[in-house]
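Scroll down for the structure; my scribbles are underneath it.
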Protein chains: 2
Amino acid sequence: MKSGKRATVHDIAAAAGVSRGTVSRVLNGGYVSAAARAAIERAIREVGYVPNTAARNLVMQRSQAIGFIVLEPHSLFLEDPNIGGIMLGANATLSAADYQMVNLVVDSERDTARITRYLSGGFVDGAIIVSARSHDPIIQVVGGLALPSAFVGHPRDLHPEIPYVGIDNLASAEEITRRLVTTGRRRVGMIAPAVDRDSGADRLIGFRRALGPLFDESLVAEVPLYDFACGAKGMRTLLERDPTIDGVFAGSDAVAAGAMEALREAGRSVPADVGVVGFDDSSWAQRTRPTLSTVHQPAGDIGEHAADLVLRQLRGEDIPQRGLLLPSPIVWRASA
Amino acid sequence: MKSGKRATVHDIAAAAGVSRGTVSRVLNGGYVSAAARAAIERAIREVGYVPNTAARNLVMQRSQAIGFIVLEPHSLFLEDPNIGGIMLGANATLSAADYQMVNLVVDSERDTARITRYLSGGFVDGAIIVSARSHDPIIQVVGGLALPSAFVGHPRDLHPEIPYVGIDNLASAEEITRRLVTTGRRRVGMIAPAVDRDSGADRLIGFRRALGPLFDESLVAEVPLYDFACGAKGMRTLLERDPTIDGVFAGSDAVAAGAMEALREAGRSVPADVGVVGFDDSSWAQRTRPTLSTVHQPAGDIGEHAADLVLRQLRGEDIPQRGLLLPSPIVWRASA
DNA sequence: GTCAAATGTGTGAACGTGCACACACTAGGA
DNA sequence: TCCTAGTGTGTGCACGTTCACACATTTGAC
């Protein structure tokens with residue numbers, strides 16, 4: 001696979017005139033004289049030595065890899081603007097710590113079996129789990145294995161020993177909805193995607209809380225997915241239920257874009273007739289006309305923190321607080 | 001890390017009443033009696049034995065990992081609708097063959113140094129390289145190492161022994177541009193992103209070829225990136241150079257969306273005043289108003305084929321043809 | 001001058017696997 | 001009977017590393 005042979009500890013021990021043990025000690029810390037250390041470091045530099053991962057992993061009983069488990073269909077993996085950013089953030093932190101990130105997208109039943117085997121096979125030392133739902137079998141495996149891991153998001157009532165990182169969906173939803181009310185909107189509805197997921201459920205609760213006495217059950221349109229089509233469909237439902245609707249909180253930017261499309265079809269203008277706000281601050285938000293007021297999700301930071309949470313468990317540190325909620329500031333643009 | 005100890009070949013050899021060697025043989029093929037095989041397979045199933053990757057990798061002198069190298073800034077990694085699909089396709093094929101995909105995003109100079117070390121360190125057995133440019137140092141490293149690899153895209157005049165997979169940018173660009181001409185457009189321009197990349201350059205050549213005598217150098221606006229902002233800027237440039245322009249081929253869907261935005265600002269209607277076509281068939285294409293006619297890129301297939309190309313080299317098969325061009329059908333929608 | 005602690009260094013064993021080799025048994029032909 | 005080929009099986013070694021242990025040298029206190 002390579003030109004010649006890879007250099008080993010033996011080679012550089014010979015080159016530096018010391019033994020394997022001493023080389024190992026300069027690599028991993030321990031008592032080494034200044035002279036020996038200098039000679040060894042010089043030899044390492046000259047030969048271009050890199051320790052063999054497989055040998056190290058074998059003796060250390062670890063894999064030096066972290067699984068990045070996405071419990072979503074492949075298509076959604078692509079659509080969701082956040083997952084990519086989270087992945088990149090996690091990857092950056094992990095590779096800086098010399099860990100390798102292994103992507104595991106769990107879509108079909110077959111995937112579940114494969115990944116379960118993979119996880120129990122000691123192929124990874126830890127896991128970052130995205131889009132977890134309580135009932136998922138993968139979660140049970142991770143919990144049972146006591147694999148150092150972190151959730152992205154906040155799955156309720158499940159494995160309370162596993163830390164999580166996310167944003168305060170509830171508070172942010174409440175805050176952005178309140179803006180609709182304070183700017184005079186009186187018939188405010190919500191297009192609520194994925195209420196079976198903690199993020200979706202929390203956004204709905206925040207919305208309800210912001211509205212208080214103004215809340216009207218009939219002005220909530222639940223839709224399955226965080227996407228454009230669901231947004232358009234949800235908006236049409238709301239318009240049908242109450243044509244006097246003058247404000248909408250969409251559960252995501254893609255949903256908001258769909259809603260604006262439906263409003264345009266219905267001849268309503270945004271924000272004059274209806275105020276619209278979204279969630280995510282994804283690339284959608286700046287492409288809609290008018291541009292979208294929304295909640296900014298710090299995807300990269302979330303990924304970095306999730307990775308950090310796993311790394312800290314691996315180092316044996318204990319995690320002070322179970323949950324970590326990152327700031328998700330509101331970005332005011334033109335749609336409300 | 002796990003409850004108790006992982007089972008090893010010894011354990012299941014003992015359980016089945018045979019020796020390590022025989023167990024190894026049922027795992028890797030060889031002469032084994034039916035009785036022994038049955039006993040061993042039963043033991044494996046009962047104990048839930050999974051071979052230790054590190055030990056196997058150590059003795060086999062390989063890492064069982066393939067690098068997925070993206071030579072782009074992180075931001076572009078997220079923006080580019082194709083990369084995600086390619087990644088998913090490659091990941092699926094690789095993990096089906098029990099290989100692990102390691103994401104390596106090369107952005108800064110520091111990344112280059114780290115990845116170079118990583119590649120030469122034997123951490124990966126092969127590489128899939130996306131968005132290669134001829135001058136990139138990483139390419140030199142891969143070439144020098146003779147690492148089994150495949151390009152996504154078609155970098156010209158560089159390492160002719162490395163196979164590639166992609167689409168025929170030239171032919172597709174020519175075909176979709178021709179449509180503008182046959183539907184009566186006479187002043188047809190192009191917003192040409194990333195002409196320093198093979199994909200960008202080929203699309204420009206295809207455009208020129210389709211136009212033939214109608215081609216006008218002044219109606220080509222070169223822009224650096226495949227994104228919305230560049231599309232808007234490019235369109236404004238074209239409108240300025242020739243207000244009678246009636247057709248535009250945008251180098252990507254994001255660029256086309258930006259162009260349509262600029263056209264709207266300038267009070268032109270699409271497709272009545274100006275016909276617009278894009279490239280990629282990304283999620284942009286169905287979000288524009290009107291929806292975009294574009295070239296469909298089979299991103300998942302490209303990833304699968306690239307992975308397959310690497311796997312075949314690893315198996316020692318020789319690759320019959322150097323380049324593999326996948327079909328990229330045109331999708332006709334409303335914008336032209 | 002002796003002992004103990006601190007500082008360095010070398011050596012053997014172990015991690016779990018695959019592979020080459022030695023060996024055992026059977027069957028069939030000369 | 002002997003040899004050869006085919007079919008099975010067990011054993012030793014190697015892969016490259018880390019770690020525990022044994023040992024050597026220096027330092028400093030009593």
Side-chain angles (χ1 to χ4, degrees), chain A residues 1-2 4-41 43-44 47-65 98 100 120-123 125 314 316, chain B residues 1-2 4-41 43-44 47-65 98 120-123 125 314-316:
Chain A
M1 184 181 71
K2 263 214 60 181
K5 279 253 154 280
R6 292 262 305 281
T8 74
V9 257
H10 293 89
D11 299 329
I12 75 137
V18 295
S19 75
R20 301 178 351 255
T22 309
V23 178
S24 176
R25 268 184 289 272
V26 356
L27 259 22
N28 307 299
Y31 294 126
V32 186
S33 67
R37 159 161 281 129
I40 290 169
E41 281 174 348
I44 289 181
V47 186
Y49 166 74
V50 182
N52 181 306
T53 329
R56 175 176 277 175
N57 290 350
L58 176 61
V59 70
M60 305 288 284
Q61 311 266 53
R62 61 177 191 205
S63 67
Q64 208 65 4
D98 269 319
Q100 200 169 112
S120 2
F123 290 82
D125 296 337
L314 252 15
Chain B
M1 184 182 71
K2 265 214 58 181
K5 279 256 155 277
R6 291 263 305 282
T8 73
V9 256
H10 293 89
D11 299 330
I12 76 136
V18 295
S19 75
R20 301 176 356 252
T22 309
V23 177
S24 176
R25 267 184 289 272
V26 356
L27 259 22
N28 306 298
Y31 294 126
V32 186
S33 68
R37 157 161 282 127
I40 290 170
E41 280 173 349
I44 289 181
V47 185
Y49 166 74
V50 183
N52 181 306
T53 329
R56 177 176 276 176
N57 291 350
L58 176 60
V59 70
M60 304 291 283
Q61 310 268 52
R62 61 174 192 205
S63 66
Q64 208 66 3
D98 269 318
S120 2
F123 290 83
D125 296 337
L314 252 14
R315 282 195 296 258

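Residue numbers begin at 1 in each chain, while the letters A, B, ... track the order of the sequences. Values reported hereafter were calculated over all heavy atoms of this structure, with side chains retained and with hydrogens, waters and symmetry mates removed.
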Spacing of B/Thr53 atom OG1 and A/Leu58 atom CG [to the nearest 0.5 Å]: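 It is 10.5 Å, given to the nearest 0.5 Å.
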Distance in angstrom units between [X] [atom1] and [N] [atom2], rounded:
X: B/Asp11; N: C/dG16; atom1: CG; atom2: P; answer: 9 Å
X: A/Leu58; N: D/dC19; atom1: CG; atom2: P; answer: 13 Å
X: A/Gln61; N: D/dT17; atom1: CD; atom2: P; answer: 17 Å
X: B/Ile44; N: C/dG16; atom1: CD1; atom2: P; answer: 16 Å

Any side-chain donor near an acceptor of the partner, A/Asp125 and A/Ser63, under 3.5 Å: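 Yes - a donor-acceptor pair under 3.5 Å links their side chains.
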Between A/Ser24 and A/Asn28, a side-chain donor and acceptor under 3.5 Å: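 Yes, a side-chain donor-acceptor pair sits under 3.5 Å.
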Protein proximity profile, nucleotides 17-27 of chain C - base contact B, sugar-phosphate-only contact S, no contact -, cut-off 4.0 Å on heavy atoms: BBS--------
Short side-chain to backbone donor-acceptor contact, A/Gln64 and A/Asp98, under 3.5 Å: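 Looks like yes, one N/O pair under 3.5 Å.
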Whether A/Arg6 side chain and B/Gly121 backbone form a donor-acceptor pair below 3.5 Å: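 Such a contact is found between A/Arg6 side chain and B/Gly121 backbone.
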Any A/Ser33 side-chain N or O less than 4.0 Å from OP1/OP2 of C/dT7: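 For A/Ser33, the contact criterion (side-chain N or O under 4.0 Å from OP1 or OP2 of C/dT7) is not met.
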Side-chain N or O of B/Tyr31 closer than 4.0 Å to phosphate OP1/OP2 of D/dT7: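 Yes.
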Sugar-phosphate only, base, or nothing, as touched by B/Ala36 at under 4.0 Å among non-hydrogen atoms: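 B/Ala36: backbone/sugar contact only, no base atoms under 4.0 Å.
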A/Arg25 side chain near A/Thr22 side chain, heavy-atom distance below 4.5 Å: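 Yes, side chains in contact.
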